[in-house]
There are 2 protein chains.
Amino acid sequence: MSILKNKTNRRNAEECKLFIRPVRDVIEIIGGKWRLPILTALSFKKHRFNELQIQVDGITSRMLSRELKDLELNGLIEKNSLPETTSISEYNLTPYGKSLDNILVSMRTWGTNHREKIMNV
Amino acid sequence: MSILKNKTNRRNAEECKLFIRPVRDVIEIIGGKWRLPILTALSFKKHRFNELQIQVDGITSRMLSRELKDLELNGLIEKNSLPETTSISEYNLTPYGKSLDNILVSMRTWGTNHREKIMNV
DNA sequence: CGGCATCCCTAATGATACTG
DNA sequence: CAGTATCATTAGGGATGCCG
């Protein structure tokens, strides 16, 4: 019985690690202070660089530039330079970036609820 | 028409900010390298301190201690010191912590999928 | 076993100025 | 407008040792 229990515990422990690993992967990709806010803005609609800088309050052009580059490298967003005009580029979610929607929505929902809860207390 | 368009754009911009704010709130609470992995482990089952340290690979006791304290302060987890035994404490999700489930599941799901995608490419 | 204290280092971010 | 370059600062986190 104790042997069986040990085996069960070990299996549970392994299973638990299998839950954690993908979560850590996600954090690598969309973690940090800025990426989810940027993605949230882009899930709303496509934005230009300076529009993003206004929406994501407090971000510097330096950080915005870097984060956009990382998100693009990971295939979550795409950059389109408008051909007609000069010095205009637009950022948008790729289909793969749109697949983050469940995460974005669940976070937004929980966060909205939490804010209300904190305010009312 | 251009006036209407400006009003519409401004409304959209405000609405977008309303999407971003709660997301930033959530990041404040469960962001960073360790909190979501810890919460994921606890969503699986309650854990003791050293069990968590094993599950959340690479975390030091210092960081685990600090993160657990923050999560408890935010009402997401609870600590139970077992009365019978000495020096044993268990951590578990509170009901409020369990309300994070949608976030945890959506991240785990996306992360699992992403890992498969990366591996196969 | 479950932590806390100290010291230290690096990565992340900010501030500012500049450019095509 | 959409960034880049440089410098300064800070927060996050690792290593280690100690303690009830």
Side-chain angles (χ1 to χ4, degrees), chain A residues 6 9 13 20 23-39 41-42 45-74 77-93, chain B residues 6 9 13 20 23-39 41-42 45-74 77-93:
Chain A
N6 280 338
N9 283 342
I20 293 176
V23 170
R24 294 185 77 168
D25 291 343
V26 174
I27 293 172
E28 286 275 316
I29 298 170
I30 61 172
K33 192 176 179 180
W34 303 115
R35 292 186 199 167
L36 278 166
I38 292 169
L39 291 167
L42 294 180
K45 70 174 187 65
K46 65 172 181 259
H47 279 83
R48 281 158 51 179
F49 190 89
N50 66 342
E51 291 175 329
L52 278 174
Q53 210 175 346
I54 292 167
Q55 289 299 322
V56 183
D57 212 71
I59 195 171
T60 60
S61 64
R62 182 179 110 95
M63 286 310 296
L64 181 54
S65 174
R66 289 175 54 148
E67 300 296 54
L68 288 171
K69 212 167 288 178
D70 285 344
L71 291 171
E72 196 183 0
L73 269 175
N74 278 303
I77 68 174
E78 60 186 359
K79 173 183 176 175
N80 295 110
S81 296
L82 303 187
E84 301 288 330
T85 57
T86 59
S87 300
I88 296 220
S89 53
E90 282 181 341
Y91 292 90
N92 204 357
L93 291 184
Chain B
N6 280 337
N9 283 341
I20 293 176
V23 171
R24 293 185 77 167
D25 290 344
V26 174
I27 292 172
E28 286 276 316
I29 298 170
I30 60 172
K33 191 175 178 180
W34 303 115
R35 292 186 199 166
L36 278 166
I38 292 170
L39 290 167
L42 294 180
K45 72 173 187 65
K46 67 173 182 257
H47 279 84
R48 280 157 53 178
F49 190 89
N50 65 344
E51 290 175 329
L52 278 175
Q53 211 175 347
I54 292 167
Q55 289 299 322
V56 183
D57 212 71
I59 195 170
T60 61
S61 68
R62 180 179 111 98
M63 287 310 296
L64 180 54
S65 174
R66 289 173 53 152
E67 300 296 53
L68 287 171
K69 209 169 292 176
D70 286 344
L71 292 172
E72 196 183 1
L73 269 175
N74 278 304
I77 68 173
E78 60 185 0
K79 173 182 176 175
N80 295 111
S81 296
L82 303 188
E84 302 287 331
T85 56
T86 59
S87 299
I88 296 219
S89 52
E90 283 180 341
Y91 293 91
N92 203 358
L93 292 184

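Lettering of chains follows the sequences in order, A, B, ..., and the numbering in each one begins at 1. Since we're looking at a predicted model, the values are computed, not measured.
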Atom pair distance, as rounded to whole Å: [atom1] in [X] and [atom2] in [N]:
X	N	atom1	atom2	result
Q53(A)	dA2(D)	CD	P	10 Å
E67(B)	dA11(D)	CD	C1'	12 Å
H47(B)	dG3(C)	NE2	P	15 Å
E90(A)	dA2(D)	CD	P	9 Å
I27(A)	dG13(D)	CD1	P	10 Å
R24(B)	dT13(C)	CZ	C1'	13 Å
L52(B)	dG2(C)	CG	P	9 Å
I88(A)	dG20(C)	CD1	P	20 Å

Under 4.0 Å from OP1 or OP2 of [N]: is there any side-chain N or O of [X] that close?
X	N	result
K79(A)	dA2(D)	no
K33(B)	dG14(D)	yes
Y91(A)	dG3(D)	yes

Of the options dG14(C), dG13(D), dA2(D), whose atoms approach the side-chain atoms of W34(B) most closely?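 Out of dG14(C), dG13(D), dA2(D), the nucleotide with an atom closest to W34(B)'s side chain is dG13(D).
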Among dG2(C), dG13(D), dT13(C), find the nucleotide with the atom closest to the side chain of S89(B).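 So the nucleotide nearest the side chain must be dG2(C).
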Applying the side chain to side chain contact (heavy atoms under 4.5 Å, CB included) criterion to L64(A), which one of V56(A), N50(A), I38(A) satisfies it?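 So the option named by the test is I38(A).
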Applying the side chain to side chain contact (heavy atoms under 4.5 Å, CB included) criterion to E51(A), which one of K45(A), E90(A), K46(A) satisfies it?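 Of K45(A), E90(A), K46(A), side chain to side chain contact (heavy atoms under 4.5 Å, CB included) with E51(A) is met by K45(A) alone.
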Closest non-hydrogen atom pair, Q55(B) against I20(A):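 Distance-wise, the nearest heavy atoms are O-CD1, 3.7 Å.
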Atom pairs under 3.5 Å, N or O on each side, protein against nucleotides 18-20 of chain D: can you list them with distances?
none

Going from [atom1] on [X] to [atom2] on [Y], what distance comes out if it is rounded to the nearest 0.5 angstrom?
X	Y	atom1	atom2	answer
R48(B)	I88(B)	CZ	CD1	3.5 Å
L71(B)	K69(B)	CG	NZ	12.0 Å
M63(B)	W34(B)	CE	CH2	7.5 Å

Run the side chain to side chain contact (heavy atoms under 4.5 Å, CB included) check on L68(B) and L52(B) step by step: do they pass? CA-CA 10 Å; L68(B) 287 171; L52(B) 278 175; 3.9 Å; yes
What N/O pairs connect the protein and nucleotides 4-9 of chain D at under 3.5 Å? Give each pair on its own line.
residue, atom, partner, partner atom, Å
dT4(D), OP1, K69(A), NZ, 3.1
dT4(D), OP2, S65(A), OG, 2.4
dT4(D), OP2, K69(A), NZ, 3.4
dT4(D), O4, S61(A), OG, 3.2

With distance as the sole test, does R35(B) use its side chain to make a donor-acceptor pair with the main-chain N or O of I29(B) at under 3.5 Å?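 Answer holds: yes.
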Under the side chain to side chain contact (heavy atoms under 4.5 Å, CB included) rule, what do D57(A) and R24(B) come out as? Steps first, then yes or no, please. CA-CA 10 Å; D57(A) 212 71; R24(B) 293 185 77 167; 3.8 Å; yes
